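Worksheet: the structure to be examined is printed underneath.
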Amino acid sequence: GVAFGVMLGLAIAFYWPQEPVQAYTAASQEKFAMCTVPTQVGMTDAIFVLDSVTGRLVGGGYNSNSDTFNQSFYRNVAADFGVIEKAQYVMVAGFANLRAGPNGNPANGVLYIGELTSGKVAMYGFVYINRNGPVPPQELTPLGSFSFRDGK
């Protein structure tokens, strides 16, 4: 009976669909925040830094084949939120299954940025290009937003 139970348990564990483990990292202080975002399967994460004083979001993509940050990303989120002074941002990463667009295949991860004064949350995506050489800087693409204050 015990041997049958062990064999049954091993068979179930072997054939049961497995979920991949995903971990995103985010840290923030009063005037800036950092966040890692998944790019593509088998590739390193991208890192993003949000400067709360200027509202400037910048990021870099590391290529382990060339041992360098060969991609850069940017966005002026202050303009997106319409907040000039004393903005209060938070930033986290998430997974998104986005369709390919005219600029290539999007990364598997997205950035969610919330701003307290405007009461909005915005979602940003980017295209990760797996190339050993330098890649031209690219602006992050806003994918959607909502207001967390009035539910619209």
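Bear in mind that the values here come from a model prediction, so they are computed numbers and not experimental data. Here, residue 1 is the first one in the sequence, and each next residue gets the next number.
- Minimum interatomic distance between Ser118 and Val83 (heavy atoms only, all atoms of both residues): CB-CG2, 3.9 Å.
- Although no hydrogens or angles enter the test, the distance criterion places no donor-acceptor pair under 3.5 Å between the side chain of Ser52 and the main chain of Gln88.
- Of the possible polar contacts, one joining the Gln138 side chain to the Val127 backbone as a donor-acceptor pair under 3.5 Å is found.
- Counting heavy atoms from C-beta on, the side chains of Tyr89 and Val77 come closer than 4.5 Å.
- To the nearest 0.5 angstrom, Tyr74 atom OH is 7.5 Å from Arg56 atom CZ.
- With hydrogens and angles left out, the side-chain atoms of Glu115 and Thr117 include a donor and acceptor closer than 3.5 Å.
- Looking at Asn63, Ile129, Thr39 one by one, the single match for side-chain contact (heavy atoms from CB on, under 4.5 Å) with Gln71 turns out to be Ile129.
- Both Leu143 and Tyr112 sit in one connected hydrophobic cluster of ILVMFWY residues. Membership requires side-chain heavy atoms under 4.5 Å apart, directly or through other members.
- Asp45 and Tyr62 are not linked by any side-chain donor-acceptor pair at a separation below 3.5 angstrom, with hydrogens and angles left out of the test.
- Side chain of Gln40 to main chain of Tyr128: a donor-acceptor pair is present (N/O by atom type, distance under 3.5 Å, no hydrogens or angles).
- Across all their heavy atoms, Ala107 and Pro38 have their closest contact at CB-O, 3.9 Å.
- Using a 4.5 Å heavy-atom cutoff, the side chains of Val58 and Phe73 are not in contact.
- The main-chain N or O of Gly133 is found under 3.5 Å from a side-chain atom of Asn70 such that the two form a donor-acceptor pair.
- Between the side chain of Arg75 and the backbone N or O of Leu57 there is no donor-acceptor pair closer than 3.5 Å.
- For the pair Phe95/Asn97, a side-chain contact is recorded, criterion being any heavy-atom separation below 4.5 Å from C-beta on.
- Residues Leu140 and Val49 do not share a hydrophobic cluster, clusters being chains of Ile/Leu/Val/Met/Phe/Trp/Tyr side chains in contact below 4.5 Å.
- Looking at heavy atoms from C-beta onward, Ile113 lies out of side-chain contact with Val121 at the 4.5 angstrom threshold.
- For the pair Gly125 and Val110, the tightest heavy-atom approach, listed with the atom from each and the gap, is CA-CG1, 4.4 Å.
- Both Leu116 and Phe146 are assigned to one and the same hydrophobic cluster, defined by single-linkage of ILVMFWY side chains at heavy-atom distances under 4.5 Å.
- In summary, the aromatic rings of Phe126 and Phe48 are positioned with their centroids under 6.0 Å apart.
- Pairing each heavy atom of Cys35 with each of Met91, the nearest pair is CB-CE, 3.7 Å.
- When all heavy atoms are compared, the tightest approach of Phe81 to Ala122 is CZ-CB, 3.8 Å.
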